[in-house]
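Just follow the structure's listing: the first ligand is 1, and inside any ligand the first atom is 1. Values reported hereafter were calculated over all heavy atoms of this structure, with side chains retained and with hydrogens, waters and symmetry mates removed.
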Amino acid sequence: MYILGMESSCDETSAAVVEMGDGVRAIRSNIVASQIETHRLYGGVVPEIASRAHVEAISRITYEALAEAGIGVKDLGAVAVTSHPGLIGALLVGVNFAKSLAYSRKIPLVPVNHIHGHVAAAYLSHPTLEPPFLALVVSGGHTSFYLVKDYTDFCEIGGTRDDAAGEAFDKIGRVIGLPYPGGAALDKLAYEGDPKAIALPSPALGKDTLDLSFSGIKTATLNYLNGMAQRKEEINRADVAASYTHRIVTAITQKTEAAIRESGMKTLVLAGGVAANSHLRASLEQLCARLKVTLCMPERALCGDNGAMIAAAGYFGFLKGDLADTSLNASACDDL
Ligand code: KG4
Ligand code: ZN
């Protein structure tokens with residue numbers, strides 16, 4: 001069946017057509033209208049501007065997604081939409097558009113948790129992947145471990161107690177003068193520096209927990225940068241990028257090893273925008289090879305926010321009968 005997936009939880013408006021069925025997991029189109037250039041001016045996402053930009057883009061990209069897939073609205077078996085979590089004003093644009101489309105054309109409507117969407121991107125990149133598995137979702141808003149017991153059954157077993165890894169990368173990227181969002185630029189710059197140059201605290205919390213905390217390393221890095229500025233010493237941005245990235249990646253890898261051992265899972269899915277980080281990908285590849293665990297990472301184009309991942313997750317929600325009607329609302333929180 002064809003599913004239209006709609007995503008508008010943050011700064012990307014996306015519509016995609018995905019074909020799902022027995023032995024079929026195919027992306028027919030995946031149109032992403034990014035607002036990054038608009039928000040770059042402010043050094044971060046401005047929620048009100050994001051909502052307006054979603055309104056301006058959503059009809060056009062939905063037409064484009066259908067046209068590129070070569071189908072009409074009548075061919076859709078379901079409309080899936082991100083209903084939570086995210087920026088409330090931004091989410092409401094996608095939810096109301098999807099509700100109107102589904103109601104007017106009598107198509108089943110499936111609400112999708114954005115995080116479940118990120119994990120579902122792995123089903124598209126790895127056609128034989130099926131639960132149960134351990135998932136690590138690392139994005140601008142989340143850094144969490146989930147036991148994915150079934151396609152729609154997620155149990156969080158650990159993660160950050162404060163900031164997300166993506167936010168931590170973006171923050172320090174901005175402070176050292178990289179363009180927003182700093183994550184991808186920091187990833188590249190880290191290759192040019194010494195990962196041992198600056199001593200920073202580890203974001204990994206104690207041995208008896210799978211939790212992490214990124215606020216300490218952020219503050220320590222800011223203190224280091226401020227101290228250097230006060231002493232009028234020049235900073236080596238590449239060393240900052242390398243040391244910071246190394247500490248974060250090492251801590252995430254350490255907790256991933258603990259999560260694998262504790263859960264006994266033989267498959268790890270890495271998902272979310274930060275899953276595009278080349279240092280993290282390489283570190284988890286090494287870890288999984290050592291532990292003889294299968295690592296499934298969506299291709300980079302599917303790591304960031306996109307409609308195809310929402311359509312894939314929506315398919316499994318549809319099969320389970322998790323449908324919504326016109327009373328569907330959006331929620332900024334992890335629960336609807
Ligand atoms: O999943 P996503 O597109 O949006 C949220 O759901 O938050 O993730 C966006 C985050 C941003 O913080 C961005 O800087 C980060 O993913 N990101 C990266 C890389 N590419 C994107 N972080 C580190 N390295 C990258 N290569
Ligand atoms: Zn996301």
Side-chain angles (χ1 to χ4, degrees), residues 5-14 16 30 32-37 39-40 43-45 47 50 54 81-88 90-91 94 112-122 135-144 146 159-160 163-176 178-191 203 214 217-218 240-242 244-249 251-253 269-284 297-310 312-313 332-334:
M6 313 216 56
E7 158 64 34
S8 72
S9 67
C10 190
D11 58 352
E12 259 107 25
T13 326
S14 181
N30 193 13
V32 182
S34 175
Q35 306 171 8
I36 281 179
E37 292 304 326
H39 298 292
R40 186 162 283 165
V45 178
H54 286 308
V81 63
T82 304
S83 51
H84 64 293
L87 300 171
I88 189 67
L91 286 163
V112 171
N113 177 314
H114 183 77
I115 302 306
H116 297 193
H118 272 301
V119 172
L136 166 59
V137 179
V138 202
S139 71
H142 286 76
T143 301
S144 303
Y146 298 93
T160 182
D163 311 317
E167 200 225 305
F169 279 130
D170 293 346
K171 170 82 185 185
I172 295 305
R174 190 171 71 184
V175 174
I176 64 170
L178 299 176
Y180 172 84
L186 211 71
D187 183 350
K188 277 202 200 98
L189 187 60
Y191 285 102
F214 295 96
I217 189 170
K218 256 172 53 177
V240 175
Y244 191 68
T245 301
H246 174 72
R247 217 50 175 138
I248 289 180
V249 167
I252 294 176
T253 305
V269 167
L270 172 67
V274 182
N277 186 277
S278 61
H279 307 270
L280 183 61
R281 288 173 93 91
S283 178
L284 291 182
M297 302 184 282
E299 62 207 72
R300 284 181 196 213
L302 291 180
C303 288
D305 294 346
N306 67 88
M309 69 185 202
I310 302 304
C333 311
D334 282 3

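- In Asp187, the part holding a heavy atom less than 4.0 Å from any atom of ligand 1 is the side chain.
- Not one N or O of Glu167 is nearer than 3.5 Å to an N or O of ligand 1, by distance alone.
- In this structure a side-chain-to-backbone donor-acceptor pair under 3.5 Å is missing from His142 to Thr160.
- At a 3.5 angstrom cut-off on N or O pairs, Cys303 does not count as close to ligand 1.
- Per-residue contacts place Gly141 under 4.0 angstrom from the following atoms of ligand 1 (heavy atoms of the residue considered): 7 (O).
- Between Thr253 and Ser283, the side chains place a donor N or O and an acceptor N or O closer than 3.5 Å (distance only, hydrogens not considered).
- Side chain of His84 to main chain of His114: no donor-acceptor pair is present (N/O by atom type, distance under 3.5 Å, no hydrogens or angles).
- Listed for the Thr143 side chain is a donor-acceptor partner under 3.5 Å among the backbone atoms of Ala165.
- For atom 17 (N) of ligand 1, the closest heavy atom belonging to the protein is Gly273 O, 3.7 Å.
- For the pair His118 and ligand 1, the shortest N or O to N or O distance falls below 3.5 Å.
- Of the possible polar contacts, one joining the His279 side chain to the Asp187 backbone as a donor-acceptor pair under 3.5 Å is found.
- In this structure, Tyr244 contributes its side chain and Ala168 its backbone to a donor-acceptor pair below 3.5 Å.
- Proximity of Arg300 to ligand 1 is not established, as no heavy-atom distance is less than 4.0 Å.
- For ligand 1, the atoms lying closer than 4.0 Å to a non-hydrogen atom of Gly183 are 14 (O), 18 (C), 19 (C), 22 (N), 23 (C), 24 (N), 25 (C).
- Listed by chain and residue number, nothing satisfies the salt bridge (charged side-chain N to carboxylate O under 4.0 Å, His left out) test with Glu12 (two or more places apart in sequence, or in another chain).
- Contacts of Arg40 classified as salt bridge (charged side-chain N to carboxylate O under 4.0 Å, His left out), with partners at least two apart in sequence or in another chain: Glu37.
- Scanning the protein heavy atoms around atom 2 (P) of ligand 1, the nearest turns out to be Asp305 OD1, 3.4 Å.
- Contact of the Ile252 side chain with the Phe214 side chain is registered, since non-hydrogen atoms from C-beta on lie closer than 4.5 Å.
- Contacts between Asn277 and ligand 1, counted as non-hydrogen atom pairs separated by less than 4.0 Å, involve both the backbone and the side chain.
- The side-chain heavy atoms of Leu302 and Asn30, taken from C-beta on, include a pair separated by under 4.5 Å.
- Residue Gly304 approaches ligand 1 through these ligand atoms, each under 4.0 Å from one of its heavy atoms: 3 (O).
- For the Zn ion (ligand 2), the nearby protein N/O/S atoms, meaning those under 2.8 Å, are His114 NE2, His118 NE2, Asp305 OD1.
- On a distance-only criterion, His114 and ligand 1 share at least one N/O pair closer than 3.5 Å.
- Applying the salt bridge (charged side-chain N to carboxylate O under 4.0 Å, His left out) rule to Lys218 yields the partners Asp163, Glu167; only residues at least two apart in sequence or on another chain are considered.
- At a threshold of 4.5 Å between non-hydrogen side-chain atoms, the residues His118 and Asp305 count as touching.
- Checked by atom type and distance alone, the side chain of Ser8 pairs as donor or acceptor with a backbone atom of Ala90 at under 3.5 Å.
- The atoms of ligand 1 that sit less than 4.0 Å from any heavy atom of Gly166 are 12 (O).
- In this structure, Ala184 counts as a contact residue of ligand 1, since one of its heavy atoms falls inside 4.0 Å of the ligand.
- The nearest non-hydrogen atom to atom 5 (C) of ligand 1, considering only Gly140, Ala121, Ser34, comes from Gly140.
- With Glu7 contributing its side chain and Ser14 its backbone, the two residues share no donor-acceptor pair below 3.5 Å.
- Backbone and side-chain nitrogen or oxygen atoms of Pro181 are examined, and none is located within less than 3.5 angstrom of a nitrogen or oxygen of ligand 1.
- The N/O atoms of Gly182, backbone and side chain alike, include none that comes under 3.5 Å of an N/O atom in ligand 1.
- Evaluated by nearest non-hydrogen atom to atom 11 (C) of ligand 1, the leading choice among Asn306, Leu186, Asp170 is Asp170.
- The main-chain N or O of Gly43 is found under 3.5 Å from a side-chain atom of Arg174 such that the two form a donor-acceptor pair.
- Protein heavy atom in closest approach to atom 15 (C) of ligand 1: Val274 CG2, 3.9 Å.
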